Amino acid sequence: MEIPELFTEQSQPREPDPPLNQDRGPDPLLDDLTDPQVEAVTHVDGPLLVVAGPGSGKTRTITRRIAYLVRRVGIAPWHVLAITFTNKAAGEMRERVAELLTPRQARALTVCTFHSLCARLCRMYADRLGLTANYSIYDTADQQRAVKQALEALDMSTGNFPPSKVLAAISNAKNELLGPEAFAGLSHDFYSKKIAQVYKKYEAILQKNNAQDFDDLLLNCVSLLKNHPDVLDELRARFQYLMIDEYQDTNHAQFTLANALASEHKNLCVTGDPDQSIYGWRGANIKNILEFETHYPNANTVRLEQNYRSTKTILAAADALISNNAQRKNKSLWTDNEIGDPVRVVTCRDEQHEARWLVDHLRDLHVQQGIAWSGMAIFYRVNSLSRVIEDALRTAAIPYQIARGTAFYDRKEIKDAIAFLRAIANPTDEVALLRIINTPARGISAASVKTMRAHAVAHQMTLNQILERPEQVTALNNRAVNSIARFGKLMRGWCDTIASGDGEEITLRYFVEQVLRESGLEDYYRNDKSDADDDRILNLGELISGVQQFETELAEMELELDEAGAIEDDLEIEQDNEARESIDADNDSASEAILDDPTNPFDPITDGISGDLTRLDVRLSLFLERVALISDADAVDDDQGTVTLMTLHAAKGLEFPVVAMLAVEEGLLPHERARDDPSEKEEERRLCFVGMTRARRHLLMTNARYRTIFGQKTPAMGSSFLRELPHDAIEAIDETEEHSTGGWGQSGRGDYGADEDMGDDDPYADEAEQEARQFAPGTLVRHPDFGMGRVVSLGRVGMHTRARVEFPTSGVKTLILQYARLEKVHHQ
DNA sequence: AGGTTCGAGTTTTTT
DNA sequence: ACTCGAACCT
């Protein structure tokens with residue numbers, strides 16, 4: 001997939017404006033940039049606001065600016081902190097800057113998300129926060145459990161106080177930097193006073209468990225800087241140049257953090273686009289960017305308004321849409337790109353019809369215009385809309401992937417496995433412990449657990465301590481005591497291994513395998529025949545591969561560390577790279593100064609990683625952190641040669657030659673929850689704007705007359721946003737009338753192909769035959785779970801093709817081609 | 001102790 | 001249509 005490849009050949013400006021300052025002399029870092037881009041890149045000290053419209057070369061500007069600061073100005077790379085919205089964006093930015101720097105310079109940069117920065121800082125300064133470095137990060141499910149515990153302790157019912165509502169209130173409070181006391185101080189009515197009590201209790205539970213939720217990561221870092229001036233000084237000295245991307249989606253806590261870090265040197269560069277602010281519901285405050293010039297009256301503001309991405313038509317349509325937002329600063333977007341095709345607005349009968357139409361259309365683009373599958377994306381407002389289109393893509397044998405990084409970790413078996421690991425890494429984490437204490441069943445009943453917890457509370461103990469000596473709980477019967485003791489011994493064994501373990505002798509992968517085996521989890525899911533899907537054990541295998549992969553990355557990091565050891569080595573590396581980097585101008589003395597800073601208080605590579613990478617417990621904690629902070633967008637694998645499916649929110653920052661937006665209907669986009677609130681409706685419009693502006697050449701927006709919601713066929717209506725698009729930019733295609741004399745939904749076959757007139761030609765036969773040809777016996781294929789395999793034989797069953805495929809690891813499997821996500825392996 | 005069944009709520013969007 | 005929890009059964 002072409003993620004932010006903002007600047008491929010075809011999207012280059014045809015005639016770049018001449019450089020701003022000719023007297024500077026030629027500079028490869030600047031020569032191909034436009035005036036405003038150069039202005040942003042060469043701005044060194046003081047606040048800078050870059051208002052960047054979609055496709056305006058924002059990423060290129062940021063990466064060039066980092067390179068400029070390091071290479072031309074001579075700023076040490078470890079003084080640069082670049083914050084992105086997702087881990088994936090961070091990785092890509094680091095990669096792109098790395099092309100302009102030496103390897104060591106690139107490594108010394110800090111490029112990450114707010115959350116991972118904070119997770120690292122919390123680890124480094126854990127003692128100041130009343131935590132230990134092995135603290136747990138709670139996801140939404142863990143938070144729910146903690147809230148339920150709090151409600152129970154306070155004798156409040158989940159009926160009157162739904163945990164999700166309570167959590168939303170707590171989250172909002174934290175985003176506004178309100179602790180439990182401050183929140184209580186602002187609560188005057190009965191309901192919010194009650195919430196304040198829960199909040200307080202919830203915090204106590206997290207504290208006791210040595211745990212933080214997502215919001216705490218930010219909140220605690222803000223308090224860290226506020227309450228510990230020495231830490232603030234240290235970090236201000238470290239991060240002298242701040243760059244924050246997607247600034248329109250920062251919340252108050254992030255805003256405060258950024259401003260605290262920049263409070264001394266004021267070298268704060270923020271980039272973003274108010275029209276692409278789509279996370280208001282998560283506490284993002286669009287005013288952060290709108291009022292930047294008020295916060296920093298001497299700020300330099302640069303506007304990037306030329307679009308290099310989309311056709312004139314697509315840009316005009318998107319611009320017309322966003323102009324309907326009242327709360328908006330006017331902005332003139334323009335492009336030199338060609339006019340291109342009209343935006344296709346398609347009305348179908350129902351979601352099945354919509355999916356088939358879309359699949360047919362994408363196939364046409366692929367076959368007739370040679371557009372790669374990876375150049376196509378399908379966006380939707382809510383995740384549940386992906387299912388129908390998935391089925392259609394699978395049936396048509398079009399390769400696809402879904403951007404849902406969190407989905408894998410949402411599976412029960414994976415959550416169980418992770419809970420074991422978390423309970424081992426952080427034995428005080430009661431939420432994790434409670435999840436697995438009797439999973440798989442090992443004779444510790446809910447009643448026994450309740451007794452243990454009561455005992456723990458009464459004697460000021462942790463649950464973990466009771467596992468060590470269950471016999472002291474007199475209220476437990478012998479059988480329970482034995483079961484608990486047995487489990488305690490297991491836990492103790494793992495904890496000992498992890499504490500004394502050395503990653504050289506015992507790899508994390510080996511350890512995780514050991515835990516899965518000894519915990520009985522593996523056997524439990526292997527023998528689990530009740531469930532129709534036998535994927536669970538495979539998923540556990542995939543988790544192991546994930547651990548393995550993580551460990552390989554760590555090993556690479558260590559290797560680089562060794563290589564980068566001595567300064568002499570660095571100079572050699574520097575020279576080696578000189579040939580590669582024609583971009584170097586003559587006066588590049590800057591980088592030498594950088595390498596020569598013995599006073600650097602931070603090791604550019606290991607800082608933030610509390611301790612020694614060879615230690616098993618450190619590895620485990622880092623792995624768990626990685627898992628906790630994974631995002632949907634991170635899951636997208638570029639260049640897999642597949643169509644990409646994702647929510648509109650996940651689409652931010654990406655671009656594709658072909659974009660299809662599904663279910664552009666009233667109630668879905670804008671979502672019905674935004675109906676009564678004008679500002680929420682404007683956010684929905686921005687969301688639509690974000691989706692449209694991801695498209696380079698082809699933009700499709702579909703809607704259906706009927707859509708199945710909660711299993712109910714419900715009438716649907718095209719979105720009001722569609723009516724805001726200019727007529728001359730769109731081509732309205734009504735597919736509802738074509739073959740139907742009796743309205744929608746007869747056989748659903750009528751409009752599928754030209755087969756109506758062809759008499760005996762079954763439309764599915766074509767499909768099946770195509771499949772069969774593609775997967776002839778002997779063909780090398782790849783299955784998402786079983787890996788590589790070879791087709792042994794093919795057989796037709798009804799309208800499906802059944803393939804027997806031999807996999808080296810899993811043996812021979814019988815798969816239905818239309819459903820199994822088999823992919824043909826192409827070799828050169 | 002542990003598994004099964006039945007009903008309710010569910011779908012925004014995510015670090 | 002599907003998932004989760006609570007009550008109910010073995």
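Just so we're on the same page: letters track the sequence lines, and every chain starts at 1. What you are looking at is a predicted structure, and each value in this text was computed from that prediction instead of being measured.
Within 4.0 Å of A/Leu385, counting heavy atoms only, lies no atom of the nucleic acid at all. Across all strands shown, A/Ser483 has no heavy atoms under 4.0 Å from either base or sugar-phosphate atoms.
Considering only side-chain N and O atoms, A/Asn175 lies nowhere under 4.0 angstrom from the phosphate OP1 or OP2 of B/dT15. At the phosphate of B/dT15, OP1 or OP2 sits under 4.0 Å from a side-chain N or O atom of A/Ser631. Not one side-chain nitrogen or oxygen of A/Thr140 sits closer than 4.0 Å to the OP1 or OP2 atom of B/dT15. At the phosphate of B/dA1, neither OP1 nor OP2 sits under 4.0 Å from any side-chain N or O atom of A/Asn438. For B/dT12, the OP1/OP2 oxygens have no side-chain nitrogen or oxygen of A/Ser384 closer than 4.0 Å.
Closest approach to the A/Phe710 side chain among B/dT15, B/dT13, B/dT10 is made by B/dT10 (side chain taken as heavy atoms from C-beta onward). Closest to the A/Arg381 side chain, of the nucleotides B/dA1, B/dT15, B/dT13, is B/dT13. Comparing atom distances between the A/Arg479 side chain and each of B/dT14, B/dA1, B/dT15 picks out B/dA1 as nearest. Ranking B/dA1, B/dT12, B/dT14 by closeness to the A/Arg282 side chain, first place goes to B/dT14. Nearest nucleotide to the side chain of A/Asn383, out of B/dT14, B/dT12, B/dA1: B/dT14. Set against B/dT15, B/dT12, B/dA1, the side chain of A/His115 has B/dT15 as its closest nucleotide. Closest to the A/Ala480 side chain, of the nucleotides B/dT12, B/dA1, C/dC2, is B/dA1. Of the candidates B/dT11, B/dA1, B/dT13, the closest approach to any side-chain atom of A/Arg673 belongs to B/dT11. When distances run from any side-chain atom of A/Ala441 to the nucleotides B/dT12, B/dG2, B/dT15, the shortest one goes to B/dG2. Side-chain proximity of A/Glu684 to B/dA1, B/dT15, B/dT12: nearest is B/dT12.
To the nearest 0.5 Å, atoms CZ (A/Arg387) and CG (A/Leu645) are separated by 12.5 Å.
Ring centers of A/Phe214 and A/Tyr138: at least 6.0 Å apart, outside the cut-off.
If you check the side chains of A/Arg394 and A/Tyr400, you find a donor sitting under 3.5 Å from an acceptor. If you check the side chains of A/Asn288 and A/Gln248, you find no donor sitting under 3.5 Å from an acceptor.
Following rounding to the nearest Å, A/Arg442 (CZ) and B/dG2 (P) show an atom-to-atom distance of 10 Å. Going from atom CZ of A/Arg404 over to atom P of B/dT15 covers 10 Å, rounded to whole Å. Summarising the geometry, the separation between CD on A/Glu672 and P on B/dT13 is reported as 13 Å, rounded to the nearest angstrom. Rounded to a whole Å, the OH atom of A/Tyr279 is 12 Å from the C1' atom of B/dT12. Atom CG of A/Leu669 is separated from atom C1' of B/dT11 by 15 Å (rounded to the nearest Å). Here B/dT15 presents its P atom at 15 Å from CG of A/Asp245, a figure rounded to the nearest Å. Distance A/Lys652 NZ to B/dT13 P: 16 Å, rounded to the nearest Å. To the nearest angstrom, P of B/dG2 lies 12 Å from CD1 of A/Ile437.
Scanning all heavy atoms of the two residues, the minimum distance from A/Ala318 to A/Thr693 falls at CB-CG2, 3.6 Å.
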The test is side chain to side chain donor-acceptor pair (under 3.5 Å); show your working for A/Ser136 and A/Asp429 and say whether it passes. CA-CA 7 Å; A/Ser136 300; A/Asp429 184 347; 2.7 Å; yes

Passes side chain to side chain donor-acceptor pair (under 3.5 Å), A/Asn324 versus A/Glu724? Steps please. CA-CA 8 Å; A/Asn324 287 281; A/Glu724 298 173 3; 3.2 Å; yes

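Heavy-atom distances to DNA chain B give each of A/Asp634 and A/Glu680 a nearest nucleotide, and the one nearer the 5′ end belongs to A/Glu680. When the nearest nucleotides of DNA chain B are assigned to A/Leu687 and A/Gly443 by heavy-atom distance, the more 5′-ward of the two goes with A/Gly443.
Separating the C1' atom of C/dG5 from that of B/dT12 is a span of 23 Å, rounded to the nearest Å.
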